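In what follows, a single structure is set out as structure tokens and then discussed.
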Amino acid sequence: MGVAYKAVQWNRQKFVYDIILLTTVVFYLFFFEGISLHFSSDLDIKGIWIRAFGSAAFILLHVILSIGPLSRLSPKFLPLLYNRRHMGVTMFILALLHARDALAWYHDFGNLEPIVSLFVSNTHYADFIRFPFEALGGVALVILFLMAATSHDFWLTNLTAPVWKALHMGVYLAYGLLVGHVVLGALETNTHPLLTLAVGVGFVWIVGIHLITALREAQKDGAPLFGPPAQPKVDADGFVHVGSVQDIPENRAKIAVVAGERVAIFKYEGKISAISNVCQHQNGPLGEGKIVDGCITCPWHGYQYLPESGISPPPFTEKIPTFNVKLQGDQILVSAKPNLPGTPVVPAVIGQV
Amino acid sequence: MDSTAISVVEWVINLVRAYAIAGLIFALLFVTFLVKRVDSGAQGWAIGFRILIIPGVVTFWPMFAVRLLRGKGHPTEKNAHRLAAKQSAGAS
Ligand code: HEM
Ligand code: HEM
Ligand code: FES
């Protein structure tokens, strides 16, 4: 957690995932080369590697984009979420190799520098079919660079999680640009129509799982998909009814929307405590985690917080806003006003009035 | 090919280069001496960590330059709950 940065927080699991990731990528690249040479031995080897790197990066991008929604639909995919960072960096390096080789191959002649030639050798910016598809790839590469460069946890702390996440949402812009890059590039270089079809299938998949996940999340929050969320009813004392003690399994939480954001209401050792659902690390959903060794443990990367105060146990220093709670019979009431991050709150004791 | 377009593109690329070179000089100083001042998480030598953040510091160096000049550390995030908590704490 937020103490003493290292290059990579290695553990056995991460190591195994990285080995699998790298072997798969290397296998794919040589497989691609072999198949291409088999079907047309007159192809230039440089041209094959441009396509091998480009397609490897593009396929890996589909995997990366699928992990977020899939791990919300089923916790089975959570281990992939932990490893997404290294996938992202791997895919950036593949894209970089693709771009470097393509620049050297298509633009390193004449008296212009390759990078200048990239933007000026095709200026049909107003034309659809002849549109300079390479410029689209170039812009996407810049976005991917920003994400890879800010991938270390240092950047989460120094940009703050919301800014960092906004930067990461740029991946969708990059993806859109790359769909254009690949489809227009294929049209211009007369590649097989199967490539365009495959890109279409990938696109439908990505949009589809995102829509399904968004609908499921909106249902869980009891909020409409569009427009402002329904405001919960606040009673005269400024408390909100969030449901019954029986709804919550031991050491688990129920999530409710209070004060414009999700709150995690935990039940443990006959007590109820509520803290903001937003993990300070990467804004993971604390309410989907468990209480482990007396601490609320984030399901994403395991940051921990004490349920009574929202503070990480020493030597860590993270602090989360807490909420006053009370019970009326088995009904749980949560204050509509959050307390400052790290404010201790007396838990409500079940069965005591 | 359009020669104005070429000189515009060349000019922009030189500008980006100048920014990146300034950033690289700043980044080397920053990761060797200054990073501890903005983030107490940077402890000991942790050479791998310091090398890993160089590309990002080259990109975002003005942000760190401003923070160092103001003598500030890293900020804490703002979200609905944190803002609401601050507001009601200020009111009472
Ligand atoms: C390199 C270091 C990276 C780390 C640490 C990382 C991890 C994360 C995390 C934890 C989120 C927020 C999760 C959420 O809101 O669901 C996120 C957002 C996202 N990142 Fe990254 N990622 C990294 C790089 C990349 C790269 C290079 C790509 C793709 C090219 C990428 C793709 C995404 C996507 C698609 C989202 C937003 C939607 C979602 O799946 O939830 N990431 N990233
Ligand atoms: C400056 C940046 C880039 C340049 C100059 C560039 C250049 C090219 C060129 C010239 C082609 C056509 C190759 C051919 O058909 O022989 C191509 C295709 C392609 N590019 Fe890029 N590209 C760039 C960035 C990217 C990025 C960032 C990605 C993905 C992450 C990407 C993915 C692809 C894919 C998947 C193809 C189709 C490969 C195939 O035909 O099998 N490119 N690119
Ligand atoms: S988001 Fe990473 S531990 Fe909570």
Side-chain angles (χ1 to χ4, degrees), chain A residues 1-8 89 110 112-113 115-123 145-146 148-165 238 257-263 275-278 280 283 317-323 335-341 343, chain B residues 1-14 16-17 20 23 27 30-31 35-36 38-60 63-64 67 72-92:
Chain A
M1 292 200 275
V3 66
Y5 294 122
K6 288 204 193 93
V8 177
V89 175
L112 285 177
E113 276 186 80
I115 184 91
V116 177
S117 160
L118 168 68
F119 289 102
V120 296
S121 59
N122 174 350
T123 47
F145 164 76
L146 286 178
T150 57
S151 60
H152 195 274
D153 274 2
F154 170 80
W155 294 102
L156 274 158
T157 309
N158 282 275
L159 295 173
T160 72
V163 175
W164 183 89
K165 279 187 76 159
V257 177
V258 178
E261 178 61 81
R262 292 180 195 167
V263 176
I275 76 170
S276 181
N277 191 49
V278 187
Q280 197 177 331
N283 293 175
T317 52
E318 282 73 16
K319 282 185 198 148
I320 302 276
T322 55
F323 287 80
S335 168
K337 284 198 182 132
N339 300 317
L340 284 173
T343 308
Chain B
M1 240 183 291
D2 186 343
S3 67
T4 346
I6 294 178
S7 45
V8 168
V9 171
E10 276 177 342
W11 195 77
V12 170
I13 286 170
N14 282 335
V16 173
R17 261 192 206 135
F30 182 79
V31 299
V35 54
K36 278 182 205 167
V38 292
D39 193 335
S40 58
Q43 295 168 358
W45 263 102
I47 192 100
F49 155 72
R50 284 163 195 253
I51 292 171
L52 222 52
I53 63 170
I54 288 177
V57 179
V58 170
T59 314
F60 291 104
M63 178 181 89
F64 291 111
R67 246 171 235 177
K72 288 223 170 106
H74 64 78
T76 329
E77 69 174 273
K78 294 190 172 73
N79 65 34
H81 284 164
R82 285 172 193 271
L83 292 174
K86 242 195 202 152
Q87 222 176 20
S88 51
S92 64

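Please read these numbers as outputs of a predicted model, since none were measured by experiment. Numbered from 1 within each chain, the chains take letters A, B, ... in sequence-line order.
Aromatic pair A:W155/B:F64: ring centres closer than 6.0 Å.
Remark: A:F145 CZ to B:T59 OG1 distance equals 3.5 Å, nearest 0.5 Å. Taken to the nearest 0.5 Å, the CG atom of B:L83 stands 10.5 Å off from the CD atom of A:E261. The line from NE2 of A:H152 to CG of B:L52 is 6.0 Å long, rounded to the nearest 0.5 Å.
You'll find the side chain of B:F60 stays beyond 4.5 Å of the side chain of A:N158, heavy atoms only. Looking at heavy atoms from C-beta onward, B:H81 lies out of side-chain contact with A:I320 at the 4.5 angstrom threshold. The shortest distance between side-chain heavy atoms of A:V278 and B:R82 does not fall below 4.5 Å.
Ranked by non-hydrogen atom pairs under 4.5 Å with chain B, the options A:N339, A:T157, A:L159 are led by A:T157. For the set B:V12, B:V57, B:V58, B:I54, the entry with the most heavy-atom pairs within less than 4.5 Å of chain A is B:V57.
Heavy atoms closer than 4.5 Å to chain A are found in the side chain of B:R67, but not in its backbone.
In this structure, B:A80 and A:A259 approach most closely via the heavy-atom pair CB-O, 3.7 Å.
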